[in-house]
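Below is one structure; the comments refer to it alone.
Bear in mind that the values here come from a model prediction, so they are computed numbers and not experimental data. Just so you know, these numbers use all the heavy atoms, side chains as well, and skip hydrogens, waters and symmetry mates.
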Amino acid sequence: MTDSKYFTTTKKGEIFELKSELNNDKKEKKKEAVKKVIASMTVGKDVSALFPDVVNCMQTDNLELKKLVYLYLMNYAKSQPDMAIMAVNTFVKDCEDTNPLIRALAVRTMGCIRVDKITEYLCEPLRKCLKDEDPYVRKTAAVCVAKLYDISSSMVEDQGFLDQLKDLLSDSNPMVVANAVAALSEINEASASGQPLVEMNSATINKLLTALNECTEWGQVFILDSLANYTPKDEREAQSICERITPRLAHANAAVVLSAIKVLMKLLEILAGDNDFCSMLTKKLAPPLVTLLSSEPEVQYVALRNINLIVQKRPDILKHEMKVFFVKYNDPIYVKLEKLDIMIRLANQSNIAQVLSELKEYATEVDVDFVRKAVRAIGRCAIKVEPSAERCVSTLLDLIQTKVNYVVQEAIVVIKDIFRKYPNKYESIISTLCENLDTLDEPEARASMVWIIGEYAERIDNADELLDGFLEGFQDENAQVQLQLLTAVVKLFLKRPADTQELVQHILSLATQDSDNPDLRDRGFIYWRLLSTDPAAAKEVVLADKPLISEETDLLEPTLLDELICHISSLASVYHKPPTAFVEGRGAGVRKSLPNRSASAAGEESSSVQEATVIPNQESLIGDLLSMDIGAPAAPAAPAPASSNVDLLGGGLDILLGGGPSVPSNDVAPASAAPAGGLLGDIFGIGPVSSTNMIQIPKITWLPADKGKGLEIQGTFSRRAGQVYMDMTFTNKAMQAMTGFAIQLNKNSFGLVPSAPLQVAPLQPSQSVDTSLPLGTTGPVQRMEPLNNLQVAIKNNVDIFYFACLVHGNVLFVEDGQLDKRVFLTTWKEIPAANEVQYNLHGIVGTADTVAAKMTANNIFTIAKRNVEGQDMLYQSLKLTNNIWVLLELKLSPGSSDATLSLKTRSVEVGAIIFAAYEQIIRSP
C-alpha cells in the first residue's frame, strides 16, 4: 500500500486522535501517527498543537521515524521557539550517536532550525562534527556552517568556524572539499563588506584541483565556480590551471562544461600574450559547446544564450562551426531565434554565401516571427559584411517579389538601413519599393518608406504625390509615421520648393494646430521657424549628411560583456543582465569583471583601444557635453585682459554705479585707508580684520560607483591663492585597472574651465587617489539652473561618465571685493529697492567681530560696522569671478543666534548662492 492513504482522511476531531496515537506505546502506531501529521502539515493544515507530542517521539532508534520528527521540527520550530528548546538535548545526544547518518541528520536539522536560542547550543556539536571521522558527517557540517553564518555571522567568526572550514579544503575526501568550497563561497557572497573573508592562494587552489577529478558533478561545479573567482599570480600558474581543468570539458553534465568554460574564458584574458597556448585552448573550447547543442531544447537555449556572449567576446572559438547553428525544422521558436542571432555574429566574408542561402530559406517558413527575424538578419549581413551587400540586396528584392505582406514590410525596413550604410549605391531599387506602397500597414515599414521617399525625393518624380497620399489619413497614423512624414515633406520642400509650398504648409498646419502630440508639435514649430527665418540654416539642419550606421548595433557594452562572461552558467548569462538587475539582497552587489590582459597583449592592442569610442547612454547626457572633445587634454586657460571679464548677468561695477565708467583702481581701496565719513548717516570705519583660513567644505560623492561602473568620485571646491580648485578623490571599486583619465566641463554660469589637464595616475582595483584640478574663469558662459550648477564629463578606459555638482559660492568670491565706503554708500542708494532681498540666518555663534573675521577670510569684506538700538550692523561687499558686485547688510543681535541679511545687487539671481555661502561660513568652526 502506498503512502497516499495518509492524505485522504477528512475526519473531525483529527488532532485529538493523532495526539492519542502519538502517545501510543507501539512503535509502528507512533510512526503511522507521525506520517499522518507530516501529511497534514504538507497539505497546509495547522498541526502545531501536536508539537510536544511529536517531540516526545524523537527518543527512538528508528531512523525513518527520527527523520519525520526532524522534518516536523524544522517546519514549526520558528513558530514555537520555546517548545523547540525541549528538543535540544536530543539533538546534542544524536550528534554523538554511533550511527553517522544520525549524527549528520542531527547537525543538519539544527542548522535548518532558524531559532536564536537553539543556535547557541549548535556550536559545540557542530565543532565536533566538523572533525568527525566520517566524511558524510563532515560534509554535512560544512554546509551547516554556511547556514549558521546566515543566522549569526558574528558567531561563526568568533567561534573559529571559518578556520575549520578552510582546514576542510585539505580533506582527503573530495565531497568534503566540494561542500567546504560551496560553504565558503556562500559565506563570501553574504559578507557585509563585499570582500572575501577567506582568500584563495596557490596551495589552496592546488588542493581544489586535486579534488576536482573525484567529486560528484555538483561538487565539480562548486569547485569550478570558486576557481573562477581566483586570479593566478602569473601566466605559468594560469597555464597549469587551464591544463588541469580542460578534461572537464568532456563531462556529460552541461553545468560542469559551462563552469569549466567560464574559468577558461577568464584565464584566456591573462594568457592573451601567449598566442600558441591561447590558440590551442580556443580549439578545445569549440567541441564541448557544439555538443551542448545536441541536448534537449531547454538546455540548448541556455547553451545558446551563453554562446552568444562567448561569440561576442571571442568569435574565433566558433568561426568554423557555422553549420551547427543552422535551424532545424523541429526546433522551438526560442531556439530558432537565438541560433539566428549567433549566425549573424559569426557571419564573415568566407561563409556569407552559405548564410544567405539559409536565411533565404528561412524567409519562406510559416512561422511569422521567425520569418521577420530572418529578413532582418539578411539586412544585418549586408551592413556587417560589406562585400556581400549587393547579394543581400538582390535577395531582399527576390523576397519583395513574393508579395507576402509581412516579408515585404520587413524588407523595406532593412533596406532603409542599407541605404544609410551605403549611400548613393542601391537607389536604383527605389521604384520597386514604391510599387508596394499601398500594401504597407505596419508603422515601422510605413515610416521607413516615408524616410526613403523624403531622403531621395529628387530622384522620385512623383514624390509629392506619394507623400500627399499619406497626408489624407495623417491624424490616424502612428506617431512614428507622423514624425517621419513631417521631416520627409520638409526635405522635399527644400529640394523642390517651387511646386511643394502648399504641401509643406498643409503638413505644418496639421502638425502644429491639429495634433496633440507634443513631440510632433515641437518639431513642426522648429521647422516652421527655420523655414520662415533662415532657409539656408534649415537646409544645413534637415539635409545634413547622416552618420553611417554601425555594423553591430546590438553588441553588449564591453564592461557589461566582461561582467557577464564572469557569470557564464548562471541566470545572468541567460538574461544578459548583471545580477544586480534582477536579484535583491546579499551577493547581488558583488560585481565581477575579467582580469586585465597581460602586459604584452595590452601593448599590442593599445592603439585600437585608444581609437575606440563608447557612445554614452542617451539617458545620461546632460547639457551639450556630447559636443566636447573629452579625449583632448585641456589647454591651460590664458589670462584674459581685465576689460574682457564676462559680466554674465549684466551686473558689472560700472552698471552698479549707474552706467558710468568703472571705478578707478585707486578708488577701490581698503576700508581702513578710507577717510572717515558718514555712511548711511552714521557709520564709522573699523580697522582691518585679522585673516583666518577659508572654510573647507567636506567632500561629497559626486559619482557613485554603481553609476560609474566601479569608479567613485568624491569632491568639493576650494579657493587657494586666488585660484578655484576642484579637489577630488578617485576610487576604483571595479575589478580592473582604470587609466587614461580626462575631464571636460560644460558651459556654465561662471565660465569655469580646467586650467591644466587632469592628473590621475592609473588606478588599480580598490585604490584611491586624491587630485586637485585648477580652474580658470575665462571659458564660455551659459546660464545654468541653479546658477552654480556645473556639469562634468569624466573619461577613462572604461567609459565616459556624466554628473552634475554645485560650486560652493565662497570659492567664487574674489580677493579684490572690498569697496571704498563712499562708493558703497553711493551704490547702495542707486540700486533700486526692488533689487533688495532679505534672508534670515540661524545658528550664529560668536560676536559681530568673530563673524566679520570669518567673512573676511572668505573674501566677504566688512566695510563698516555700527550699533543701532543695541543691534550690531555689518556692511559688507563681495565681488564674484564674473565681476558682479554684491552689497550686504548683516544685522546681529547680541545674545541671539539669529540674524537678518539684506542683499543688494543689480543681478539678484546670485542671491541664492550668496545666502548658501553665508550659511556655510557662519556654521564653520
Side-chain angles (χ1 to χ4, degrees), residues 363 372 375-383 386 389-474 477-496 499-500 503-504 507 511 520 523 527 539 541-551 553:
R372 287 178 183 278
V375 176
R376 295 227 174 184
I378 294 171
R380 281 174 62 189
C381 284
I383 291 166
E386 190 167 337
E390 198 160 332
R391 182 183 259 168
C392 292
V393 171
S394 173
T395 306
L396 288 169
L397 284 175
D398 290 345
L399 291 172
I400 288 173
Q401 297 305 328
T402 64
K403 301 294 181 184
V404 178
N405 195 355
Y406 54 84
V407 174
V408 173
Q409 304 203 68
E410 287 297 329
I412 286 173
V413 171
V414 297
I415 285 171
K416 179 204 71 172
D417 290 338
I418 293 171
F419 283 174
R420 285 279 305 277
K421 177 72 175 176
Y422 309 110
N424 304 316
K425 199 168 179 183
Y426 299 108
E427 283 72 22
S428 57
I429 67 170
I430 290 174
S431 57
T432 310
L433 303 181
C434 290
E435 290 170 12
N436 296 280
L437 201 57
D438 297 334
T439 65
L440 306 180
D441 54 15
E442 292 174 10
E444 193 175 4
R446 287 173 74 82
S448 298
M449 195 66 225
V450 169
W451 181 87
I452 291 169
I453 295 169
E455 189 68 16
Y456 301 101
E458 71 278 10
R459 304 186 188 195
I460 306 171
D461 296 335
N462 62 337
D464 51 341
E465 293 174 19
L466 295 175
L467 292 174
D468 198 27
F470 280 99
L471 293 189
E472 290 170 10
F474 184 78
E477 293 284 5
N478 182 279
Q480 180 184 4
V481 182
Q482 290 179 336
L483 287 163
Q484 204 60 262
L485 265 172
L486 175 59
T487 304
V489 172
V490 172
K491 283 179 183 175
L492 176 64
F493 173 72
L494 290 169
K495 291 173 181 178
R496 289 162 40 187
D499 53 347
T500 55
L503 186 63
V504 80
I507 195 164
L520 184 65
R523 190 182 290 191
Y527 284 158
K539 262 191 174 178
V541 172
V542 181
L543 300 180
D545 289 338
K546 312 292 180 295
L548 298 181
I549 62 174
S550 67
E551 59 183 43
T553 53

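Annotation for Asp441: atom CG counts as buried by contact number, over 12 foreign heavy atoms lying within 6.0 Å. Atom NZ of Lys539 has 12 or fewer heavy atoms from other residues, nucleotides or ligands within 6.0 Å. For Glu458, the CD atom is densely surrounded, since the number of other residues' heavy atoms within 6.0 Å is greater than 12.
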For this session: Before giving the answer on side-chain contact (heavy atoms from CB on, under 4.5 Å), spell out for Ile429 and Phe419 the whole-Å C-alpha distance, their side-chain angles and the decisive distance to 0.1 Å.
Result: CA-CA 11 Å; Ile429 67 170; Phe419 283 174; 3.9 Å; yes
Exercise. Going through the checks in order, is the side-chain contact (heavy atoms from CB on, under 4.5 Å) test met by Tyr426 and Ile415?
Worked result: CA-CA 9 Å; Tyr426 299 108; Ile415 285 171; over 6 Å; no
Exercise. Where do Lys491 and Trp451 land on the side-chain contact (heavy atoms from CB on, under 4.5 Å) test, with the steps shown first?
Worked result: CA-CA 10 Å; Lys491 283 179 183 175; Trp451 181 87; 3.7 Å; yes
For this session: Step by step, work out the salt bridge (Lys or Arg N to Asp or Glu O under 4.0 Å) result for Arg372 and Glu444.
Result: CA-CA 13 Å; Arg372 287 178 183 278; Glu444 193 175 4; over 6 Å; no
For this session: Begin from the C-alpha positions of Leu396 and Ile418 and carry the test side-chain contact (heavy atoms from CB on, under 4.5 Å) through to its verdict.
Result: CA-CA 11 Å; Leu396 288 169; Ile418 293 171; 3.7 Å; yes
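Considering only heavy atoms from C-beta on, Lys495 comes within 4.5 Å of Leu543 through its side chain. Within the 4.5 Å cutoff, the side chain of Val375 has no heavy atoms near those of the Tyr406 side chain. Side-chain contact check for Arg380 versus Val414: every heavy-atom pair is 4.5 Å or farther apart. Residues Phe470 and Leu437 meet the side-chain proximity criterion, which asks for heavy atoms closer than 4.5 Å. You'll find the side chain of Asn436 stays beyond 4.5 Å of the side chain of Leu433, heavy atoms only.
The shortest non-hydrogen separation linking Leu483 to Arg523 is O-NH1, 3.3 Å. Contact detail for Arg496 and Ala457: the closest heavy-atom pair is NH1-O, 3.2 Å. For the residue pair Ile430 and Ile452, the shortest heavy atom distance occurs at CG1-CG2, 4.2 Å. The two residues Leu466 and Cys434 make their nearest non-hydrogen contact at CD1-SG, 4.0 Å. In terms of heavy atoms, Ala488 sits closest to Gly454 at CB-CA, 3.8 Å. Residues Ala445 and Ile412 share a closest heavy-atom pair of O-CG2, 4.0 Å.
In this structure, CD1 in Ile383 is found 4.5 Å from CG in Asp417, a value given to the nearest 0.5 Å. Rounding to the nearest 0.5 Å places CZ of Arg420 at 8.5 Å from CD of Glu455. Rounding to the nearest 0.5 angstrom, the gap separating the CZ atom in Arg459 from the CD1 atom in Ile453 is 14.5 Å.
No donor-acceptor pair under 3.5 Å is formed between the side chain of Gln480 and the backbone N or O of Ala447. Lys425 contributes no side-chain N or O that, together with a main-chain N or O of Glu390, makes up a donor-acceptor pair within less than 3.5 Å. Remark: the backbone N or O of Val504 is not paired with any side-chain donor or acceptor of Tyr527 at under 3.5 angstrom.
If you run side chain to side chain contact (heavy atoms under 4.5 Å, CB included) between Leu467 and each of Asn462, Leu492, Ile507, only Leu492 comes through. Just one residue in the list Val408, Ile378, Val404 forms a side chain to side chain contact (heavy atoms under 4.5 Å, CB included) with Leu399, and that residue is Ile378.
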